[in-house]
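Have a look at the structure below, then the notes.
What's counted below: heavy atoms across the whole structure, side chains too, no hydrogens, waters or symmetry copies. Treat the numbers as computed from the prediction; the structure is a model and nothing was measured.
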Amino acid sequence: MRRLSLASLLIALNAGLVLLAVAGMAAGAVRVLRQLADRQALARADLAAQSAAAIIERTGERVHASARLLADRPAVAQILSAGNRASLQAWLERFRRTSDLTGCALFARGPGSGGRQLASAGPPLPWDALRGTESGRSVIAAGGVLILGGVAPLTAAPQIEAVTARALDGAFSRRLGSQVGLPVAVLDSREAGRAAAPAARLRDRALQAGPGPGLDAGGAPAAGRVDAEARYVACRPLFAPAGGVVGVVEAGLPTAAVDGPLATLVTRLMLLALGVAALATAASAAAGRWLGRPVRQLTTSAARLGRGDLTTPIARAPGRELGALAATLEETRRQLLRLTAELRRRQAEGEAVLTGIAEGVFSVDRERRVRYLNPQAAALLGVRREEALGGFCGDLLNPRGPGGERPCEDACPIVHARFRGGARAVEHLQLAGGRRRSVVITSAAPVEERQFLVMRDETDVELARRQRDIVLANISHEFKTPLAAQRASLELLRDKLLERPAGGGARDTRPGGRQEAAEVQELVLSLERGGLRLTQLIDNLLESVRIESGQDSLRRRPVALDEVIEEAVELTAPLLAQRRQRLELDLPFPLPPVVGDAPRLTQVFVNLLANAQKFAPAGSALAIGGEVTPGEVALWVDDEGPGLPPAAGADGELFRRFVRSPEAMAEPEQSGMGLGLWIVQSIVQRHGGAVVAERRHPGTRMRVTLPRAAPAAVVAAATASAPAPAASPEVAVAPAIAPGAATAGSGTGAVET
């Protein structure tokens, strides 16, 4: 497409501006004239309607006056007394024509007369309706036509009344229109209220008129332009003598009387605008040629810059604005020359960095197609750079999930980074030839439609991690077997010692025998507590390996929380007895059932109680409480320990792996691996619940919230699963509560074990 020159643009711009200004003025003038013409036409139509309504009012008065005049004629009484009905009929006909009436009649009135008609002239009319008035005047609608009526009793015979009528029919409307100068229509209220008529809105406003002829409830005349009928319409209400609206008088003015002169004016204004635009075009052509010459020179210089010619200087141009433009272009040329050299240097440095680092780097566009690939990434994936460019990154990397699925649609780190500002993921790639590699892909946020990703090979690291997990699992499992046997033996030994008298035998007469037996009992209890602590650490270690490897699935069965709490209390009873701590229970009865894994929930409360026992002072009270809401069950463990550390609530720091408090690291007795609360949170969350740590004065509260199970869910879980074993293989059964231990209790540690 050919572009216009500056001179042509100036000519078109000036001509267009002038034409736009003239057209705007003409349009404004036409709009004002249109408004004035509409107002004048509406005023004329409204005046005609008002005059027609006044004429109708006077016609009603004349009809009433005609009734009184007929009643005052002596000839009527004479003809009635003579009983000549034919003469009376002829006389009434002459009176009707000379009085410009539609009809007139004589009726007998009074008791016993029954309103008998004596004589009438004119077409049949609803005389009974016309007579039904007390004021002597009436307006009724009959057959879509309004009829004005007048009633008066005869002077010579009051038992007879004279009735006159004038129909406001088409002939009357035509004569009325000739009097007011515009076509007029008289409509009764039913005819005026028909919604199908184009002017129905105006008629409806007239029918709803307030006080004052021709005004609606808001005080505005019922007048407007009706384009469907090509005329201006004004409506005025017709009032009955009693005050109600019985009809509408409508006057109309054709719109051609206004549109014709306006069209002529618009044509003249357009011709004037074209003439002014032609003059402006001629003046703009001369100015455009004078200004276009130096601009063309600057355009040529700018085109050289666009082609990359940064060595040719920009020539000076005349005039203040063009001279400043030429100087700016020259300065731009110098800056571009310096920046180009700097960009080339930085590009060389960037290429050296990307080709020298050990990690693989590649970039993708919005459609995740590869646009750059450094040699390390190509070597890591075993592809050629030329073949990889332009392909979909999912086809190039070929990531595979644990089940063999591709995470490109649901778990792509590239897509996640676009919404989060960055992402990091471990991907297992299936490369050509059946090779597999584990890589860590770090994705940055997009920059100018490009997104860069760093790929680090962790195949050996992942293999070492799996081997570590296998070794930990095997060691933990092998530890649990002798520990279980040792704890069983210690339990039997303790039971045997408890059966013996405190003195050490049936009759132990040796010096110090009683003290020696007590020391032996204490040593057995200490060994038992040590075994329980080791069992708990091994359980936590095994649980952490299962969680990290994604193999820690839950067995969904109905769980009685009372039994879970009771078993956790029994397992931790030796630990509580060691420090002479009391355990208090304050639980609602009965606790509603939940659906989940009972051994896992037992492990939750064992960890919480063990944590609380470690950090609560010796001889203090621990407590287990709870509450039940319509949708949840909340259980908590309270202690009187030192409380949460200052940063415990920051970003869930308390529930992270391998996090221990300074107190735990300072006291060997309280040391642990920092896995307990992390495991608690993992188990509770997989049950659909939540665990939070709350500060108390003194101490700490660990609150566990679990969703209640609906009765249908409990039945379904019970029928869908096999009967649960008596004890979980991962949780060893502790001995009964030792003497001196509390009967119930709980606590929460300030940090996890």
Side-chain angles (χ1 to χ4, degrees), residues 476 479-480 483-484 487 491 528-544 546-547 552 554 559-579 581 583 585 587 594 596-616 622-626 635-639 641 655 664 670 672-684 686-687 689 691 693 700-704 706 724-738 741-749 751-753:
S476 301
F479 276 1
K480 289 192 67 175
L483 275 176
R487 288 184 58 201
E491 181 181 357
E528 188 176 2
R529 286 191 293 267
L532 176 62
R533 181 75 71 181
L534 283 175
T535 301
Q536 182 189 4
L537 292 176
I538 293 173
D539 286 341
N540 287 340
L541 186 60
L542 280 173
E543 189 72 18
S544 69
R546 283 194 295 265
I547 293 173
D552 192 29
L554 298 177
V559 176
L561 292 177
D562 308 82
E563 299 178 2
V564 169
I565 298 297
E566 182 180 356
E567 185 174 358
V569 169
E570 291 179 359
L571 289 173
T572 54
L575 301 178
L576 298 175
Q578 178 185 7
R579 306 189 66 187
Q581 292 168 330
L583 190 58
L585 284 177
L587 295 172
V594 298
D597 194 324
R600 295 290 188 271
L601 293 176
T602 301
Q603 187 176 3
V604 167
F605 289 98
V606 167
N607 284 352
L608 294 180
L609 287 171
N611 236 26
Q613 176 268 334
K614 285 192 302 181
F615 293 98
L622 310 180
I624 297 181
L635 301 173
W636 56 78
V637 180
D638 295 342
D639 64 41
F655 295 95
Q670 297 179 351
M673 294 181 293
L675 293 174
L677 291 184
W678 176 70
I679 292 173
V680 167
Q681 185 184 53
S682 174
I683 294 175
V684 172
R686 283 182 286 122
H687 279 81
V691 56
T700 306
R701 168 173 290 182
M702 300 297 292
R703 176 187 290 268
V704 175
L706 297 171
S728 172
E730 290 83 9
V731 181
V733 179
I737 299 176
T743 58
S746 167
T748 63
V751 296
E752 58 191 68
T753 58

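Using a 4.5 Å heavy-atom cutoff, the side chains of Val594 and His687 are not in contact. At a threshold of 4.5 Å between non-hydrogen side-chain atoms, the residues Leu622 and Val637 do not count as touching. Between Phe615 and Thr700, every side-chain heavy-atom pair lies at or beyond the 4.5 Å cut-off. Looking at heavy atoms from C-beta onward, Gln613 lies out of side-chain contact with Thr572 at the 4.5 angstrom threshold.
Atom CG in Asp638 sits 11.0 Å away from atom CG in Leu608 (nearest 0.5 Å). In this structure, the separation between CG on Leu609 and CG on Leu575 is 9.5 Å, given to the nearest 0.5 Å. Here the CD-CD1 distance, from Gln603 to Ile683, works out to 4.5 Å after rounding to the nearest 0.5 Å. Leu601 CG to Leu706 CG: the interatomic distance, rounded to the nearest 0.5 Å, is 6.0 Å.
None of Thr602, Val604, Val569 except one satisfies the side-chain contact (heavy atoms from CB on, under 4.5 Å) rule with Val564; the exception is Thr602.
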Given Met702 and Leu677, is the side-chain contact (heavy atoms from CB on, under 4.5 Å) satisfied, shown in steps?
CA-CA 10 Å; Met702 300 297 292; Leu677 291 184; 3.8 Å; yes
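Summarising the geometry of Gly596 relative to Val559, their closest heavy-atom pair is O-CG2, 3.4 Å, with the distance given to 0.1 Å.
A donor-acceptor pair is defined here as one N or O able to donate and one able to accept, closer than 3.5 Å; no such pair exists between the side chain of Arg701 and the backbone of Trp636. Side chain of Gln581 to main chain of Ala616: a donor-acceptor pair is present (N/O by atom type, distance under 3.5 Å, no hydrogens or angles).
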